[in-house]
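Input: a single structure, listed below in structure tokens.
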Amino acid sequence: MSTQHQHADGAGPTRRAGAPAHTRRGSALTRALGYTALVVIALLYIYPFLIQLATSFKTDADATSHPLSLWPTHFTTAAFSRLAEADYPRWFANSVVVALFVTTGRVFFDSLAGYALARLRFRGRSALFGAVIAVMAVPGVVLLIPKFLVLNQLGMYDSYSGMIVPLLADAAGVFIMKQFFESIPVSVEEAARIDGASTFRIFWSVVLPMARPALITLTILSFQGSWNELPHFIVSRQSPELNTLTSGVASLVSGQLGDGNQYPIKLAAALLMTIPVALVFFAFQRHFVRGGTAGATKG
């Protein structure tokens, strides 16, 4: 009887110990399926980029015969050589100039506007912030003709100033900075105000250094947006000398190079255009994610 009792007692823990093992196996299987699904989705997104990379090193005939092949039949850098002999270096330089000025301007002016809406008390502040939100809801294509008319009237059409000045501030950046500044306690600024610091001094020396995650987020978004901008550059310039990478590559796609599909040179141009944005994003990816969620702590 005691033996049976011992066996019964021993069987209990064995059955109880078996349940967690089964659960762990199920969890491992679920994780494996989840990772597999993520890998498949990632490959679906990466595959077109791999095609672009491979086609850039193909000949025109090879790209036409095997457009989806991930390995060139005849490896060549002719597409990149043709780009170097064409206007591509000038397009790249124009894009760098515009992107640097626009990014710097957006970070500065959006921060100023965001701080003013978050901290300063003045008549019409709520209405002004409502206008900023309303601008975010307006499709950019609706503003193309008004932009052209204003730039032409001001004598800024077909110039660097016409390409840069209208992009120096944007509603989304003002919104991001306002939300982040509101998450900073007002008490942080009180000591500086008691010491006699001006509003701009408090903004520049006290609050702005604390907004580093939001500033990095705004920098990435501004650089990416200005680097990839196309509609504004179509209506703000017409001289080929002012082509940026986006408008220049668009001219390649439209058949500027002559007959044939010209797949290698088109994709080589697009590949080189992608590299700077990718480097900026991956360099600041951790700060970008942190800054994108920091402003959401206070809505």
What residues form a side chain to side chain contact (heavy atoms under 4.5 Å, CB included) with Ala270, not counting sequence neighbours? Gln52
Check for me, please, whether Val135 and Met177 land in the same ILVMFWY cluster - side-chain distances under 4.5 Å, paths through other members count. no
I'd like to know whether CZ of Phe200 has more than 12 heavy-atom contacts from other residues, nucleotides or ligands below 6.0 angstrom. yes
May I ask you to decide whether Glu189 forms a salt bridge with Arg119, counting only side-chain N to carboxylate O separations under 4.0 Å? yes
Stepwise side-chain contact (heavy atoms from CB on, under 4.5 Å) test for Val277 and Phe223: CA-CA 8 Å; Val277 177; Phe223 182 83; 4.2 Å; yes
Atom CG of Leu221 and atom OG of Ser226: how far apart are they, to the nearest 0.5 Å? 10.5 Å
Measure the spacing between OH of Tyr45 and CD1 of Ile41 and express it to the nearest 0.5 Å. 7.5 Å
Nearest atoms (heavy-atom pairs only) where Ala54 meets Trp71: CB-N, 4.3 Å
Considering only heavy atoms from C-beta outward, does the side chain of Ile51 approach that of Leu70 to under 4.5 Å? yes
Does any non-hydrogen side-chain atom of Thr59 lie less than 4.5 Å from one of Pro264? no
Phe181 side chain near Leu117 side chain, heavy-atom distance below 4.5 Å: no
Apply side-chain contact (heavy atoms from CB on, under 4.5 Å) to Val96 and Trp227, showing your working. CA-CA 8 Å; Val96 170; Trp227 186 269; 3.9 Å; yes
Regarding Glu190 and Arg193, does a basic nitrogen lie under 4.0 Å from an acidic carboxylate oxygen? yes
Which atom pair, heavy atoms only, marks the closest approach of Ile265 to Arg82? CD1-CB, 3.8 Å
When every non-hydrogen atom of Tyr88 is compared with those of Ala269, the smallest separation belongs to OH-O, 2.9 Å
When you group the ILVMFWY residues by side-chain heavy-atom contacts below 4.5 Å and let the links chain together, are Phe282 and Phe49 in the same group? yes
Aromatic ring centroids of Phe57 and Phe80 under 6.0 Å? yes
Kindly indicate, with the supporting measurements, whether the criterion side-chain contact (heavy atoms from CB on, under 4.5 Å) is fulfilled by Leu230 and Ser247. CA-CA 6 Å; Leu230 176 60; Ser247 56; 4.1 Å; yes
If I take atom CG from residue Leu208 and atom CZ from residue Phe108, how far apart are they, to the nearest 0.5 angstrom? 9.0 Å
Should Leu215 and Phe101 be regarded as members of a common hydrophobic cluster, given that ILVMFWY residues are connected when their side-chain heavy atoms come within less than 4.5 Å of each other, either directly or indirectly? yes
Would you kindly check if the NZ (Lys) or CZ (Arg) of Lys178 is within the cone defined by 45 degrees around the ring axis of Phe129 and under 6.0 Å from the six-membered ring centre? yes
Would Phe109 and Val207 show up in the same hydrophobic cluster when neighbours are defined by side-chain heavy atoms closer than 4.5 Å? yes
Separation of Leu151 CG from Tyr157 OH (nearest 0.5 Å): 9.5 Å
Exam field: side chain Asp62 to backbone Thr73, donor-acceptor pair closer than 3.5 Å: yes
Connected via hydrophobic side-chain network under 4.5 Å: Ile46 and Val39: no
Distance check, rounded to the nearest 0.5 Å: Trp91 atom CH2 versus Asn243 atom CG? 6.0 Å
With the side chain counted from C-beta on, respond yes when Val165 and Met156 share a heavy-atom pair under 4.5 Å apart, and no when they do not. yes
Residue pair Ala63 / Thr55: nearest heavy atoms and the distance that separates them: CB-CG2, 3.9 Å
Considering residues, nucleotides and ligands other than Phe122, do more than 12 of their heavy atoms fall under 6.0 Å from its CZ? yes
Please verify the inter-ring angle class for Phe203 with Tyr115; under 30° counts as parallel, over 60° as perpendicular, anything in between as tilted. tilted
Using a 4.5 Å cut-off on heavy atoms from C-beta on, say whether the side chain of Phe233 contacts that of Met163. yes
What's the spacing between Lys58 NZ and His74 NE2 if we round to 0.5 Å? 12.0 Å
Evaluate whether atom CD of Glu241 has more than 12 neighbouring non-hydrogen atoms of other residues, nucleotides or ligands under 6.0 angstrom away. yes
Answer yes or no: is there a side-chain heavy-atom contact under 4.5 Å between Pro185 and Val188? yes
4.5 Å side-chain heavy-atom contact, Arg106 and Leu168: no
Test log, rule side-chain contact (heavy atoms from CB on, under 4.5 Å), inputs Thr246 and Glu229: CA-CA 7 Å; Thr246 50; Glu229 178 66 38; 5.6 Å; no
Which atom pair, heavy atoms only, marks the closest approach of Ser56 to Ala79? O-CB, 3.7 Å
Take atom CG of Leu44 as the centre, draw a 6.0 Å sphere, and report whether it contains more than 12 heavy atoms from other residues, nucleotides or ligands. yes
What residues, two or more places apart in sequence or in another chain, satisfy side chain to side chain donor-acceptor pair (under 3.5 Å) together with Ser159? Ser161
Phe180 and Pro213 have their tightest heavy-atom pair at CZ-CD, 4.2 Å
Are side-chain heavy atoms of Leu267 and Leu271 found at a separation under 4.5 Å? no
Just by distance, no angles: are the side chains of Ser239 and Asp158 close enough, under 3.5 Å, to form a donor-acceptor pair? yes
So, Ser95 side chain and Leu245 main chain: donor-acceptor pair closer than 3.5 Å or not? yes
